[in-house]
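Note sheet for the following structure.
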Amino acid sequence: MDNFTLFDSHNDALLLFYNINSPICILLNLLAIYLIVFKSSREMGEYRWYLLHYQIWLSVIDIFTNVLSQPVMFLPIIAVACRGFLITKMGFSTYTCFVSSS
């Protein structure tokens, strides 16, 4: 049997998914913001600004999850290890990232 560690924070498949998903999410979010601001009809009225606000916050959450933190969860227990930019390059801890974002 292969060497298997239960708490392997280097889940290659998940981290590959984050690296592929990040640019796609950023481009789609920018496209959505562009469409809301410049291509939405005047009939939408004030609703388009609520939609823009919602889309901006979704973009922030996508960037935080896919680029900055990249959480790797260990189920069925409640445990998380992060491998994103904030942890690997900036020296933040996983605890700091999740407590400050709550």
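This is a predicted model, so every value here is computed, not measured.
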Shared ILVMFWY cluster between Ile63 and Ile61, side chains joined below 4.5 angstrom? no

Joint hydrophobic cluster, Val37 plus Ile56, side-chain heavy atoms closer than 4.5 Å: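 Looking at the clustering, Ile56 is in the same group as Val37.
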
Leu14 versus Gln70: any side-chain heavy-atom pair under 4.5 Å?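 No; the side chains remain at least 4.5 Å from each other.
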
Considering only heavy atoms from C-beta outward, does the side chain of Arg42 approach that of Arg48 to under 4.5 Å?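 When only atoms from C-beta onward are counted, Arg48 and Arg42 do touch, with a gap below 4.5 Å.
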
Connecting only ILVMFWY residues whose side-chain heavy atoms lie within less than 4.5 Å of each other, what is the rest of Val60's hydrophobic cluster?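 Once heavy-atom contacts under 4.5 Å are chained together, Val60 belongs with Trp57.
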
Using a 4.5 Å cut-off between side-chain heavy atoms of Ile, Leu, Val, Met, Phe, Trp and Tyr, which other residues end up in the same hydrophobic cluster as Leu58? Tyr54

For Phe38, ring pair (Phe, Tyr, Trp, His ring centres under 6.0 Å) partners two or more places apart: Tyr34

Please round to the nearest 0.5 Å and tell me the distance separating atom CG of Leu52 and atom CD1 of Ile36. 5.5 Å

I need the Phe92 CZ to Ser69 OG distance, nearest 0.5 Å.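 Answer rounded to 0.5 Å: 12.5 Å.
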
Does Tyr50 have any side chain to side chain donor-acceptor pair (under 3.5 Å) partners at least two apart in sequence or in another chain, and if so, which?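 Counting only residues at least two positions away or on another chain, Tyr50 forms a side chain to side chain donor-acceptor pair (under 3.5 Å) with Glu46.
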
Once side chain to side chain donor-acceptor pair (under 3.5 Å) is applied, do any residues pair with Thr88, and if so which ones, sequence neighbours excluded?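 None.
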
Do side-chain atoms of Tyr18 reach the backbone of Thr65 as a donor and acceptor pair under 3.5 angstrom? no

Tell me the closest heavy-atom pair linking Leu51 and Met44, and the distance in Å.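 That would be CD2-CE, 3.9 Å.
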
Could you pull out all donor-acceptor pairs under 3.5 Å where a side-chain atom in residues 23-33 meets a protein atom, sequence neighbours excluded?
{"residue": "Asn29", "atom": "OD1", "partner": "Gln55", "partner atom": "NE2", "Å": "2.7"}
{"residue": "Asn29", "atom": "ND2", "partner": "Cys25", "partner atom": "O", "Å": "3.0"}
{"residue": "Asn29", "atom": "ND2", "partner": "Asp62", "partner atom": "OD2", "Å": "3.0"}

